[in-house]
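Working notes, structure below.
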2 protein chains.
Amino acid sequence: MAYRKTPAEIRRLEAARDHLVVRATEVVAEVGWAQASVTAVADAAGIAAGSVYQHFSSKSALAVEVFRRAAQREVDVLGEVLEGDGDPADRLRRGVEVFARRALENHGLAYALLAAPAEPAVGAERLAFRRRYRGLFAAVIDEGVAADLLPGQDAEITAAALTGAIGEVLVYPLSTSAAHDADRLVAGLSAVALRCAGAAP
Amino acid sequence: MAYRKTPAEIRRLEAARDHLVVRATEVVAEVGWAQASVTAVADAAGIAAGSVYQHFSSKSALAVEVFRRAAQREVDVLGEVLEGDGDPADRLRRGVEVFARRALENHGLAYALLAAPAEPAVGAERLAFRRRYRGLFAAVIDEGVAADLLPGQDAEITAAALTGAIGEVLVYPLSTSAAHDADRLVAGLSAVALRCAGAAP
DNA sequence: GGAACATCTGAATGATGGTTCACTTCTTTG
DNA sequence: CAAAGAAGTGAACCATCATTCAGATGTTCC
């Protein structure tokens, strides 16, 4: 018998792949998709450019994995809150707040996920995740409408509007003083979001 | 004396430049910024690739001009309505409706202006125009608040939210039936926008 | 230790697409 | 018309990266 991957070796490879994705995510958060060349990402992970192709069939595939992991975390967190306990309007408020706080804490990553120019494969992934955000928002809004806490409305449109509104406010710098005061920004944003859905003030 | 540009010649050159920008705009609306190569644009305008550089110092410069002209038209139209007559909430509604109708009529261009991946120079221009949309919205909202037609709020945040909300709803396909019915989509969107600003229903 | 095989390396390769430039074509003016 | 100068052409040039691959280094197992 010749050579067989030992379990430790398999773990090592998985860890290497993981490490690559983590570092690539950091690079993307710092410099954006366009500047995150294979060489830059490999350097950050401490491997040669060619080694990237041991783990991913192409740069696109790596980029998609980076996007998916990061975006999935946000969907999970948002879903946790939006599908949790409490009345729908309150869940919506908390969801927006949690989402906003996380985005402000890692602005570079938030920008990469929500708005930064990216190759088509990442663009498609972004579209898919936007749909998931919309779906989560739409479900809460439908609940709120059913419980007569929110006025009748097309929940899909409101959900899309919320997705766009939240992204815009968080990603592009405001000239108002709220830009320098995270608490005010979050408060302002959740207020807009609630009005958007028609929640009573 | 040797050669001097005659007025007719100057006009011809200006017309050629203009024609190039118009055709480039069409190409961008059809295939997006990424696919709008110098060759493709030159072909569309009926000139050689090299001739593009008679009118613009670089591809970026042409792209910026294309963006500016198209975006300026939208700012003008929106400003016309938002700064016109009537009470602020009604102007807001009409502004959203006009903006939405125009975007739906030329979806390719709207996507290029609002969201399509583009080179950095165009991205910067987009940012600048987003600020102008925000400024227009913020002014109407401030008026509405001052006249007690709208509840107290941070107008900059609401304006940013409106910009993002409108863009998202118009640019990304909805799965709801409103997607196939422009009237419903516009009605739904203006309803969300008014709620966003806190206008009484 | 060493045969057999896997992973890792990084310079060479290749595709893409903006830009240049020697040349042609058109305009002006005496 | 002819000389002078501008605009127009498009193939060649060049910069940028993703991708490959021949050789170097590690790992497994007898």
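Just so we're on the same page: letters track the sequence lines, and every chain starts at 1.
For the pair B:Glu9 CD and D:dG5 P, the computed distance is 16 Å after rounding to whole Å. At whole-Å resolution of the value, CZ in A:Arg17 and P in C:dT7 are 14 Å apart. Rounded to whole Å, atom P of D:dC17 lies 13 Å from atom CD of A:Glu119. Counting to the nearest Å, the P atom of C:dT25 and the CG atom of B:Leu13 are 20 Å from each other. Counting to the nearest Å, the P atom of C:dT28 and the CD1 atom of B:Ile10 are 10 Å from each other. Nucleotide D:dT16 holds its C1' atom 20 Å from the CH2 atom of A:Trp33, rounded to whole Å. B:Lys59 places its NZ atom 8 Å from the C1' atom of C:dG18, with the value rounded to the nearest Å. What separates CG of A:Leu62 from C1' of D:dC17 is a distance of 15 Å, to the nearest Å.
For the pair A:Arg12 and C:dC8, the criterion of a side-chain N or O lying under 4.0 Å from OP1 or OP2 is met.
Side-chain proximity of A:Ser37 to C:dT7, C:dG18, D:dC17: nearest is D:dC17.
Between the side chain of B:Glu97 and the main chain of B:Ser190, no donor-acceptor pair closer than 3.5 Å is present. With A:His107 contributing its side chain and A:Leu170 its backbone, the two residues share a donor-acceptor pair below 3.5 Å. Between the side chain of A:Arg126 and the backbone N or O of A:Leu113 there is at least one donor-acceptor pair closer than 3.5 Å. Panel note: side chain A:Glu30, backbone A:Val28; no donor-acceptor pair is recorded below 3.5 Å.
Using a 4.0 Å cut-off on heavy atoms, the residues of residues 38-58 of chain A that approach DNA chain D are A:Val38, A:Gly50, A:Tyr53, A:Ser58, listed by number.
B:Lys59 has no carboxylate O lying under 4.0 Å from a charged side-chain N of B:Glu119, or vice versa, which leaves the two without a salt bridge.
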Using atom types as modelled, flag every donor-acceptor pair under 3.5 Å from a side chain in residues 41-58 of chain A to any protein atom, sequence neighbours excluded.
| residue | atom | partner | partner atom | Å |
| --- | --- | --- | --- | --- |
| A:Ser58 | OG | A:Ser60 | N | 3.4 |
| A:Ser58 | OG | A:Ala61 | N | 3.1 |

